[in-house]
2 protein chains.
Amino acid sequence: MATIKDVARAAGVSTATVSYVLNDSAPVSPTTRERVLAAAQQLNYQPNQLARNLQNQRSTTLALVLPPFEPEIDLGGLLRACVARATQAGYAVLVTALASDQSLAELAQRTLERGMAAGCILLQPHGADQPLNGPCVWATWPPHGTHAPAVVCDGALAAQRAVHAFQRSGRQRIGLVLAATTAGAARWYLGYRRALKAGRLPFDPELVVQSDTDDLAAGHAAGEALFAGAPLCDAVIVAGGALAVGVQQAHLRASAHAESLQLIAGFDTPLVAGAGLSALVWPVERWGQLLVEQLLNLLNGHTPPQRTCLEPSLIVRST
Amino acid sequence: MATIKDVARAAGVSTATVSYVLNDSAPVSPTTRERVLAAAQQLNYQPNQLARNLQNQRSTTLALVLPPFEPEIDLGGLLRACVARATQAGYAVLVTALASDQSLAELAQRTLERGMAAGCILLQPHGADQPLNGPCVWATWPPHGTHAPAVVCDGALAAQRAVHAFQRSGRQRIGLVLAATTAGAARWYLGYRRALKAGRLPFDPELVVQSDTDDLAAGHAAGEALFAGAPLCDAVIVAGGALAVGVQQAHLRASAHAESLQLIAGFDTPLVAGAGLSALVWPVERWGQLLVEQLLNLLNGHTPPQRTCLEPSLIVRST
DNA sequence: TATACTTACTTAAACGTTTAAGTAACCTGT
DNA sequence: ACAGGTTACTTAAACGTTTAAGTAAGTATA
């Protein structure tokens, strides 16, 4: 691997001049510039990023911190979007995962302090016990009292949109199923209550079910709880993927007239699509893009940190 | 951020001694060792990885190179497995994506030459026009003539397993649907032919359909081609995820007696699961783990590079 | 014609590590 | 008592960059 010294020697100049040419950070005569570029090309010179970052005291890498559990989101799509936007800005993306015994703050902090990344994108709100002070952007609602920027998929908007859709097709008794792993479950609830009030629908606490996890089994349980009551609900919004499919299956089992239930899944996972459920689609591509852009902004100090809410769109499917 | 100099000053020793203590690469007296460790702890010292890697002339990062299209595999799961195993070995994982105009070799080579990673895990066989000579491990069948190690999900094994399962339940006319994006499509075909021969079943070229992409629409087209012929096939193995669901839908549309078709999807994506299709499950966790281990082996030169085939297991679902 | 300014480069220090080579102090065996 | 060896440290160079400071020309100004 050729170094800057090799290029300098080949071009008959000092390493400084080579650096000036490559970064054009100082005026260089056209003839010299050409000699340097030719030498670099001929030696197939690639600047060493480690040395660059060490010298510049800033890494050109962004870290993506994965939660220990599988999130509802399309991780592959989000990753791809982040990588695309970061690459465009000359940054690379590092992925780190939380060990079960590790706190989020600890991992993020260490990644930053070791110089392995210039900033972090945090995919989960859990485990942020200690306050963490490096440049970080949250992909979910950050812990209370945090001033860090965030780009979130807002559950409140999701719930409102779903309730409106239900009401437009004449549904009156609308249920809500949440999971403990749902990012910003409180927001879903808030949007649900708001939309009910705005639509002049009564609120019945029995129509709200809190689940533990986001999987089929939990959906079955939630469905049983939901469809046990006497006045059946005729529409359900489920803040989950597999969870929604589980609720659907529970309903099919409990009731013969399956078409009397409208169901909207909060996240359009392939599982949900395969089951033919209507679902909310979040703009993953834009999400990743905005997360990276917010982080770059934070690093460059161009604009003050801010929070962005992404809106879902509704995709209607008929089973 | 505290540096090794700060620790040295605080402990009253030279930076060399601090380094010796932290890496225990040289004998240090117990009292000094303790003083150094105390100072490091108190200053919350984290060694700078950039400087370390620069000095040691080897990065502690592994690069995962994503293909430009969405693969059939569970990217999130694979990523998680790679990160887990790499972290365990003291390595980090960098993700890079191929731009559409870029060759695989170019990207991998540059990533290595810039010192951003010590080795690459390549998720796709396409675009490897130039030979690439850095330490790389393939996650699919590498281009011909390559001696690099690989850990692949073998389509031949998959096809054989599926044909056996079909034959056991009395099916005779077994179809095969491939996609251009299928990694190692030739292997699927090979296994299919072998299993037919082993099972003394006749080979009918009309029962093999080659598709372009792996999505629902392509599945519809493949299904129409497959079910147009006079002697209907009674079982199909589809080397894809969405593709399989498409074939299923085409069959439902074409024929009233839907239960007369057995179908096995080559990859158990959530979409396939949601559609209730039987499918082949690949051990993603082990895949990622082995990929990383092979790469580390290659870097350390412990064992010679080798190829590993992973076997799928069959998960049977009834619609 | 001496002076100041510009241009195009070079020299050398710095970033935070690791490690070979150097150096005191102490122990050992004759 | 003195060579030879061990132990526990320090000094300084190196990894591949960037960049402030220095310098030697050429060019404009008075």
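This is a predicted model, so every value here is computed, not measured. Per chain, numbering begins at 1; letters A, B, ... match sequence-line order.
Note: CZ (Arg58(A)) to P (dC15(C)) measures 17 Å, nearest angstrom. In this structure, the NZ atom of Lys5(A) is 14 Å from the P atom of dT18(D), given to the nearest Å. Counting to the nearest Å, the P atom of dC15(C) and the CG atom of Asn48(B) are 12 Å from each other. Counting to the nearest Å, the C1' atom of dG16(C) and the CD atom of Glu113(A) are 15 Å from each other. Spacing between atom OH of Tyr45(B) and atom C1' of dT18(C) amounts to 10 Å, rounded to whole angstrom units. Rounded to a whole Å, the CD atom of Gln49(A) is 9 Å from the P atom of dT18(D). As rounded to whole Å, 10 Å separates atom P of dT18(D) from atom CG of Asn53(A). In this structure, Leu54(A) atom CG and dA13(C) atom P are separated by 18 Å, rounded to whole Å.
The phosphate of dT7(D) (OP1 or OP2) has no side-chain N or O of Ser29(B) nearer than 4.0 angstrom. Between dA14(C) and Gln57(A), no contact under 4.0 Å exists linking OP1 or OP2 to a side-chain N or O. Taking 4.0 angstrom as the limit, Arg52(B) places none of its side-chain polar atoms (N or O) nearer than this to OP1 or OP2 of dG16(C). Between Thr3(A) and the phosphate of dG16(D), there is no side-chain N or O to OP1/OP2 separation shorter than 4.0 Å.
Interatomic distance, CD of Gln49(B) versus OG1 of Thr60(B), reported as 4.0 Å (0.5 Å rounding). A distance of 9.0 Å separates CG in Asn48(A) from CG in Asn53(A), rounded to the nearest 0.5 Å. How far CG of Leu104(B) is from SG of Cys136(B): 8.0 Å, rounded to the nearest 0.5 Å. Between the CD atom of Gln306(B) and the NE2 atom of His147(B) there is a distance of 15.5 Å, given to the nearest 0.5 Å.
Scanning all heavy atoms of the two residues, the minimum distance from Thr3(A) to Tyr45(A) falls at C-CE1, 3.5 Å.
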Quiz item: Run the side-chain hydrogen bond (donor to acceptor under 3.5 Å, both in side chains) check on Arg114(A) and Gln46(B) step by step: do they pass?
Solution: CA-CA 6 Å; Arg114(A) 294 197 166 181; Gln46(B) 297 287 351; 3.2 Å; yes
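When side chains are defined from C-beta on, Asp6(A) counts as touching Arg9(A), because their heavy atoms get closer than 4.5 Å.
Within a 6.0 Å sphere centred on CD of Glu293(B), heavy atoms belonging to other residues, nucleotides or ligands number more than 12. Around CD of Glu285(B), the count of heavy atoms belonging to other residues, nucleotides or ligands within 6.0 Å does not exceed 12.
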All N/O pairs under 3.5 Å across the protein-nucleotides 19-26 of chain D interface:
residue	atom	partner	partner atom	Å
dA20(D)	N6	Tyr20(A)	OH	3.1

Got a list of protein N/O to nucleotides 4-6 of chain C N/O distances below 3.5 Å?
none

